[in-house]
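As structure tokens, the structure follows; a few thoughts come after it.
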Amino acid sequence: MRIARLQTPSGPKHAVLRNGNWDHIEDPFAETLAYTGESSSADDAVFLAPVRPSVVLGIGHNLGNNNHVLPIQAWHKSVHSIAGPGDDIVAVRGAGTVNVEGELAAVIGKRAEKLTAENALSHILGYTVVNDVTNVDQNQIDEKLFQGKSGPNYTPLGPWIETDIEDPDNVSTEVAVNGEVKARSGSFNLPSSITNCLVYVTEWLTLEPGDIIMTGAPNTFVAVQPGDRVDITLGGIGTLSNTVI
């Protein structure tokens, strides 16, 4: 099932794709979806970021100085950097190389606290595409990743949430710039499983419906310039497109 958040004449509405139309729903996080009776044509749909999270977390899969694996490390990214499909990414000037990073994002579906390997995935509503835009040179002088990841619209998200992903650890990722594929990989190349990321994060922080975990960039980062169009495609989900200005 695909769940989107659409701009409509009466304001943003969540909707489910059924029979070629986006049928509006009351609450995407309800156990039983309630349809309002209104719908938007698929041809005319204007997509917004599919959720408005209170928390966005990135996952770092790091090695120590002796090349031994450290625990999964999470970091916060500002919710004010969230953008939707088609929104312009405003490249911060004079701060070094701008990279786009194609990643799988997990959307929390219900309150998640101290999850276990057995129940972690049941707390996920679904998955979407995220572009973790970064002024990568700033990471060398700001190890907390604040300066390099806080630019305007530096977290495009969308185009919708896909709830029927059989194996989130086997989702392909393709990053194209101006129509040319620059990177191919997938969640199967991440050193930590989605389940392990969820278990780690919720040991320390309780997550709520709509919160986002960006699961990491498995060599899916590409340098871009103003004027570039970026298309990130995740297998079984869809394509997120934005232009850098």
Side-chain angles (χ1 to χ4, degrees), residues 51 53-79 81-82 99-136 138-150 154-157 161-162 165-173 175 183 185-221 232 234-237:
V51 288
S54 296
V55 172
V56 177
L57 293 176
I59 297 292
H61 309 269
N62 300 315
L63 296 177
N65 291 332
N66 296 316
N67 211 36
H68 61 277
V69 177
L70 292 170
I72 298 166
Q73 296 181 332
W75 44 272
H76 284 270
K77 193 170 187 184
S78 174
V79 297
S81 66
I82 292 288
N99 278 0
V100 294
E101 300 182 10
E103 303 185 23
L104 175 70
V107 182
I108 301 298
K110 55 185 177 181
R111 185 179 176 88
E113 182 178 12
K114 297 192 183 304
L115 300 181
T116 67
E118 290 72 30
N119 68 10
L121 293 183
S122 68
H123 288 71
I124 298 299
L125 174 66
Y127 302 87
T128 191
V129 186
V130 66
N131 184 352
D132 179 20
V133 185
T134 307
N135 284 89
V136 66
Q138 296 300 305
N139 296 352
Q140 303 303 314
I141 58 177
D142 175 20
E143 63 182 17
K144 304 304 181 186
L145 307 181
F146 171 70
Q147 294 173 197
K149 291 181 178 286
S150 297
Y154 265 34
T155 315
L157 197 66
I161 299 164
E162 177 57 64
I165 297 296
E166 183 176 348
D167 182 4
D169 295 316
N170 192 32
V171 176
S172 62
T173 305
V175 181
S185 186
S187 59
F188 42 80
N189 283 326
L190 292 171
S192 304
S193 69
I194 308 305
T195 293
N196 287 344
C197 291
L198 290 165
V199 170
Y200 167 74
V201 166
T202 60
E203 175 65 24
W204 300 98
L205 178 67
T206 299
L207 299 176
E208 300 291 348
D211 288 343
I212 293 288
I213 295 180
M214 304 186 298
T215 60
N219 293 317
T220 50
F221 48 86
I232 300 174
L234 265 61
I237 299 176

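Checking side-chain atoms of Thr202 against main-chain N and O of Leu115 turns up a donor-acceptor pair under 3.5 Å. Without hydrogens or angle criteria, Asp142 side chain to Gln147 main chain gives a donor-acceptor distance under 3.5 Å. Using a distance-only test at 3.5 Å, with no hydrogens or angles considered, a donor-acceptor pair links the side chain of Thr215 to the main chain of Leu104. Remark: the backbone N or O of Asn170 is paired with a side-chain donor or acceptor of Ser187 at under 3.5 angstrom. In this structure a side-chain-to-backbone donor-acceptor pair under 3.5 Å is missing from Ser185 to Ala183. With hydrogens and angles ignored, the 3.5 Å screen pairs no side-chain donor or acceptor of Lys149 with any backbone N or O of Ser81.
Looking at Ile82 and Pro53, their side chains come closer than 4.5 Å, going by heavy atoms from C-beta outward. Looking at Ile124 and Ile165, their side chains never come closer than 4.5 Å, going by heavy atoms from C-beta outward. Residues Trp75 and Met214 are in side-chain contact: their nearest non-hydrogen atoms beyond the backbone lie under 4.5 Å apart. The shortest side-chain heavy-atom distance between Glu101 and Thr134 falls under the 4.5 Å cut-off. Two residues are said to be in side-chain contact when any heavy atoms from C-beta on lie closer than 4.5 Å; Ile59 and Val201 meet this criterion. Between Glu162 and Tyr127, every side-chain heavy-atom pair lies at or beyond the 4.5 Å cut-off.
The minimum heavy-atom distance between Thr195 and Ala120, with the atom names listed, is CG2-CB, 4.1 Å. In terms of heavy atoms, Gly186 sits closest to Pro218 at O-CG, 3.2 Å. Contact detail for Glu103 and Gly216: the closest heavy-atom pair is OE1-N, 2.9 Å. Residue Val129 comes nearest to Leu234 through the heavy atom pair CG1-CD1, 3.9 Å, listed as atom of the first residue, atom of the second, then distance. In terms of heavy atoms, Ser192 sits closest to Cys197 at CB-SG, 4.2 Å. The shortest heavy-atom contact between Ile72 and Tyr200 is O-CZ, 3.0 Å.
Neither side chain, Ser122 nor Asn119, offers a donor N or O lying under 3.5 Å from an acceptor on the other.
Screening Val55, Val56, Asp211 for a side chain to side chain contact (heavy atoms under 4.5 Å, CB included) with Val79, the sole residue that qualifies is Val56.
Rounding to the nearest 0.5 Å places CG of Asp169 at 8.5 Å from CG of Asn196. Atom CG of Asp132 is separated from atom CG of Leu157 by 11.0 Å, given to the nearest 0.5 angstrom. Here the straight-line distance linking atom CD of Gln138 with atom CD of Glu143 works out to 13.5 Å at 0.5 Å rounding. Rounded to the nearest 0.5 Å, atoms NZ (Lys114) and CH2 (Trp204) are 8.0 Å apart.
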Q.
Is there a side chain to side chain contact (heavy atoms under 4.5 Å, CB included) between Leu57 and His76? Walk through the geometry before answering.
A. CA-CA 5 Å; Leu57 293 176; His76 284 270; 3.6 Å; yes

### Task
Please report the C-alpha distance between Val175 and Asn131 in whole Å, then the side-chain angles of each, then the deciding distance to 0.1 Å, and finally whether the side chain to side chain contact (heavy atoms under 4.5 Å, CB included) criterion is met.
CA-CA 10 Å; Val175 181; Asn131 184 352; over 6 Å; no

### Task
Show the numbers, then the answer: is there a side chain to side chain contact (heavy atoms under 4.5 Å, CB included) between Val130 and Ile212?
CA-CA 10 Å; Val130 66; Ile212 293 288; 5.5 Å; no

Walk me through whether Asn219 and Asn189 qualify under side chain to side chain contact (heavy atoms under 4.5 Å, CB included). CA-CA 8 Å; Asn219 293 317; Asn189 283 326; over 6 Å; no

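Counting non-hydrogen atoms of neighbouring residues, nucleotides and ligands closer than 6.0 angstrom, the CZ atom of Phe188 exceeds 12 such neighbours.
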